[in-house]
Number of protein chains: 2
Amino acid sequence: MSATGVTPAPTVGRPRAFDMEKALQKALEVFWRKGYEGASLPDLCEAMGINKPSLYAAFGNKEQLFLKTIELYENRPCAFFYPALERATSYEVVQHMLCGAASTNADPDNPPGCVIVQGALACSESATFVKEALIAKRRAGEVALCTRLEQAKAEGDLPAHAEPAALARYILAVLQGMAVQATSGANCVELKQVAETVIAAWPGKKPEL
Amino acid sequence: MSATGVTPAPTVGRPRAFDMEKALQKALEVFWRKGYEGASLPDLCEAMGINKPSLYAAFGNKEQLFLKTIELYENRPCAFFYPALERATSYEVVQHMLCGAASTNADPDNPPGCVIVQGALACSESATFVKEALIAKRRAGEVALCTRLEQAKAEGDLPAHAEPAALARYILAVLQGMAVQATSGANCVELKQVAETVIAAWPGKKPEL
DNA sequence: AGGAATACTTACCAATCGGTACATTATTGT
DNA sequence: ACAATAATGTACCGATTGGTAAGTATTCCT
């Protein structure tokens, strides 16, 4: 198993004629817009600018390609979530999460919504593995936020009666709902209003004005 | 065009050997669990206990069958939304919506989540019509709630600075997020905690204790 | 220059997709 | 009894699905 998780470029043989990262980015766009099952191999190949045997040689199969695009997604467009956890107060944490979600979910340069939500929400049995991988990603985010809110509670940043698990679930529900709203056509301003509504009622300490 | 929208039972010819409403109910379950595109005709036929020609004769095609199941869905399991609008105060309106969603989204007797959310969130071009029909359903709910909140504001039930459109969008986002949570395995108690978090911070007048 | 190794192109595969033609069976009206 | 009508079961349709075999082209190493 390589340390980077990426197959190292071989020193011999014909060199690859396309950029794997750019191809992944294009595949991500297709999966993002159409979901795992709705994206066909011709769709993917056309967007990636390669043909099927190249796709299979480089990425394994459709399922593995999808999982790799999700990895890319978490490191690039959706990169607001985990960094937000490092903010000083729970107020700022949720503020950055919700505002980041509003921006990326309704970014006109990307498909609307969130691929981790809409990539495989309801699907046939053949996509069960992918569906559960996305469930795990969503749950991981919830657990991470819950841990952060427990810390906030311990620090007195959240009141003693606060329930970090319930609050984390609530915030994740709002984030996921914002993704649905974005796929329905909501724009960034509209999503920021949702974010603002949540933030205004946040039980944690607010920053000085 | 018939008044009921249902083809009247013909007086001559071989009688239908299955109950259309029960078959629709079974089809709804399949679409609910697998989504519009993830549900294949064999899936549907098996669940409905009929075969393809009967399905097409009775319901038109897959798309029309889906739209009919959505109609059934709105009148049956998901029947908490519009009735909730008739409550006396905005507090009770959102309380009933959120608690109703918690119950039906995580009802162990039904598939998890909400078919109007997950039926066709991200899909191929061939499902565009269905996808937009669901978007329209979601938007209609949002508009109806917004109208109800405008009334609440006019009645002094909501403060003068309240923005009904933003609040309605927020509540719908939470409802849709709860559906996503349910498909991820959240149970009724967990969803009720989300509902309670929202209700506790609702800006409208709270009922007497 | 000549392997060895890798990627690309074309053409194909079985399985499944949504949808239907056709013959058969069951019912009503006369 | 007999036509008219409608639902059923079987068997099929072309198109598309994810995936691959095989031949060709391009590179590195000796």
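Remember, it's a predicted structure, so these values are computed and weren't measured experimentally. Numbered from 1 within each chain, the chains take letters A, B, ... in sequence-line order.
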Side-chain donor-acceptor distances from residues 45-52 of chain B under 3.5 Å, at least two apart:
unit_1, atom_1, unit_2, atom_2, d
B:Asn51, OD1, B:Ser54, OG, 3.3

[X]-[Y] side chain donor-acceptor pair, cut-off 3.5 Å:
{"X": "A:Gln151", "Y": "A:Glu155", "value": "yes"}
{"X": "A:Gln193", "Y": "B:Arg169", "value": "yes"}
{"X": "A:Gln176", "Y": "B:Gln181", "value": "yes"}
{"X": "A:Thr183", "Y": "A:Gln118", "value": "no"}

Rounded to 10°, the angle between the first-five-pair and last-five-pair axes of the helix from C:dA1-D:dT30 to C:dT30-D:dA1 is 0°
Which residues share a ring pair (Phe, Tyr, Trp, His ring centres under 6.0 Å) with B:Tyr170, sequence neighbours left out: none
Salt bridge or not for A:Lys34 and B:Glu125, using N-O below 4.0 Å? yes
Which nucleotides of nucleotides 2-14 of chain C have their base under 4.0 Å from a protein heavy atom (B), which only their sugar-phosphate (S), and which neither (-), written as one string 5' to 3'? ---BBBSBB----
Could you tell me how far apart [X] ([atom1]) and [N] ([atom2]) are, to the nearest whole angstrom?
{"X": "B:Glu46", "N": "C:dT16", "atom1": "CD", "atom2": "P", "value": "14 Å"}
{"X": "A:Glu37", "N": "C:dT16", "atom1": "CD", "atom2": "P", "value": "14 Å"}
{"X": "A:Leu41", "N": "C:dA15", "atom1": "CG", "atom2": "P", "value": "18 Å"}

Footprint ends on DNA chain D, 5' to 3', for atoms under 4.0 angstrom from a heavy atom of chain B, come out as D:dT5 to D:dT10
Are A:Lys62 and A:Tyr36 in a cation-pi setup, meaning NZ or CZ lies under 6.0 angstrom from the ring centre and within 45 degrees of the ring axis? yes
Minimum-distance pair of heavy atoms, taken over all atoms of A:Leu145 and A:Ala168: CD2-CA, 3.9 Å
In chain order, what residues pass the salt bridge (charged side-chain N to carboxylate O under 4.0 Å, His left out) check against B:Glu21, with sequence neighbours excluded? B:Arg76
